Amino acid sequence: MSLIEITDVRKSFGANEVLKGIDLNVEPGEVIAIIGKSGSGKSTLLRCINGLETINSGSIQVAGAQLAPDELHLKALRLKVGMIFQSFNLFPHKTAGQNVMLSQMVVKKTPKPEAEAMARKMLERVGLAHKFDAYPDELSGGQQQRVAIARALAMQPMALLCDEVTSALDPELVQEVLAVVKELAAEGMTLLMVTHEMRFARDVCSRVVFMHMGRVHEIGPPAEVFGAPKTPELRQFLGAQH
Amino acid sequence: MGYVFDYSWLADYWGVLLKGVLVTAELTLVGATLGVSLGVACAWARSLGPRWLKPIVATYVELIRNTPFLIQLFFIFFGLPSLGVQMSEIQAALLAMVINLGAYSCEIVRAGIQATGQGQFEAGWSLGMTRFETFRYVVLIPALQKIWPALSSQIVIVMLGSAVVSQIAAEDLSFAANFIQSRTFRAFESYIVATLIYLALAILLRQLLRGVGFVLFPRRSGR
């Protein structure tokens with residue numbers, strides 16, 4: 001059984017059908033890059049997987065947790081998949097450490113000392129142990145994004161969804177975040193990432209999904225997708241990258 | 001202009017003034033605490049609550065914001081007893097203030113919630129928090145921080161507006177000033193003293209609210 005099973009998912013915003021029947025299975029430990037033009041539905045697909053968007057039809061399942069619109073199902077699902085956002089979304093009134101501790105204590109009812117120990121461990125993992133007491137506005141964009149990764153990891157998810165996690169960063173800060181993601185991939189974390197970092201996708205990912213007009217247009221290992229694109233749309237997309 | 005100022009009555013009546021100050025302070029502190037709590041609850045209901053609750057809260061808010069405080073007070077103190085609801089002057093005054101501040105602070109807090117980016121909600125949800133937990137732990141404090149100056153002003157307005165409760169014989173500072181001038185016929189002096197005390201109370205209250213802000217919001221800037 002796959003870790004993430006996406007079956008014939010359709011999603012419309014009003015009359016505009018953004019996802020036109022998506023099928024995708026993700027095995028444990030896979031690192032998948034979702035590429036495509038803006039408006040092709042890649043972010044929407046990611047947001048459907050943890051229920052930030054409701055789907056019109058089809059089904060999504062993560063490690064046995066079924067996507068359903070009620071809070072109980074959503075919570076069960078979201079405990080299995082973490083999400084990292086383009087704009088970090090750290091809680092501005094809490095320190096880095098408190099950001100990582102909060103959901104453990106609120107959602108999992110973890111006692112404070114254990115939540116704090118976990119927070120220190122996760123911040124260390126992203127190289128920010130020394131920023132435990134810093135507030136988000138005292139951190140660079142790259143550091144904020146790494147705290148956001150630590151915050152998601154502290155919930156011990158089985159997979160991480162990364163929605164253009166480096167797009168809001170200055171060029172010199174992109175690498176420090178990608179390095180952390182790369183390390184997670186090497187440790188066997190299942191990753192689904194919408195990204196514009198083609199070289200990263202080529203180097204790190206096990207499969208690349210090219211989305212076009214709300215469909216999975218091409219899918220395969222990076223060598224195939226980047227080296228021998230089958231469709232003119234993908235060739236055009238890759239050509240426009242340089 | 002042969003008027004001679006005379007403050008000698010202060011020696012006899014300072015106790016009356018002090019009692020008035022204490023009543024005004026008590027009404028303000030209790031009224032503000034309960035009123036803001038009601039306002040936060042209503043702001044949650046009106047912006048994030050269940051669909052059936054929204055029109056109920058909206059009706060309450062608009063009813064209170066579009067009628068005079070004095071009439072609300074009279075309705076509670078003189079009107080409700082007809083339905084068998086009896087209250088002391090202080091209880092009626094407090095209830096009127098809580099209901100009034102609740103409506104105004106609802107709209108102020110709601111503005112703070114609306115100014116909070118969708119990303120904050122989504123971050124909370126995606127970590128597994130329920131909608132209510134996300135509001136309580138993620139959204140509320142930054143939202144309050146954004147509107148704290150406006151909310152502070154509204155609380156000061158309620159404190160100053162509490163002078164009206166003397167009209168139902170709640171023995172606040174205004175009641176004390178009225179009482180003293182009716183006994184001493186020193187209207188100018190009575191009201192100038194009351195004015196200065198109100199001014200001092202308002203300044204004190206603003207400082208107190210600033211202090212609460214420092215405790216509540218560890219970061220001065222927030223998005």
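Because the structure is predicted, anything quoted here is derived from the model rather than measured. Protein chains get the first letters and strands the later ones, always in sequence-line order, with residue 1 at the start of each.
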For the interface with chain A, which of Leu127(B), Val139(B), Thr130(B) has the highest count of heavy-atom pairs at distances below 4.5 Å? Leu127(B)

Any side-chain to backbone donor/acceptor pair from Trp44(B) onto Gly39(B)? Under 3.5 Å, distance only. no

Heavy-atom pair count under 4.5 Å with chain B, highest-scoring of Lys75(A), Met155(A), Arg151(A), Gln104(A): Arg151(A)

Quick one: which of Met83(A), His93(A), Lys94(A) has the most heavy-atom pairs under 4.5 Å with chain B, could you say? His93(A)

What option among Arg136(B), Glu133(B), Glu122(B) has the most heavy-atom pairs under 4.5 Å with chain A? Glu122(B)

With a 4.5 angstrom heavy-atom cut-off, is it the side chain or the backbone of Phe85(A) that approaches chain B, or both, or neither? side chain

Only pairs of heavy atoms separated by less than 4.5 Å count here; which of Asn50(A), Leu52(A), Val106(A) has the most with chain B? Val106(A)

Grab the two heavy atoms, one from Asn25(A) and one from Ile6(A), that are nearest each other, plus how far apart they are. OD1-N, 3.8 Å

Chain B contacts, top residue of Leu90(A), Val81(A), Leu77(A) (heavy-atom pairs, under 4.5 Å): Leu90(A)

Where does Ile84(A) contact chain B at under 4.5 Å (heavy atoms): side chain, backbone, both or neither? neither

Over all atoms of both residues, closest heavy-atom pair of Asp163(A) and Ser43(A): OD1-OG, 2.8 Å

Is a side-chain N or O of Glu30(A) found less than 3.5 angstrom from the main chain of Glu27(A), in a donor-acceptor match? yes

Verdict with supporting geometry, Trp125(B) and Glu71(A), side-chain contact (heavy atoms from CB on, under 4.5 Å): CA-CA 10 Å; Trp125(B) 299 338; Glu71(A) 275 201 334; over 6 Å; no

Check whether more than 12 heavy atoms from other residues, nucleotides or ligands sit under 6.0 Å from atom CD of Gln114(B), and answer yes or no. yes

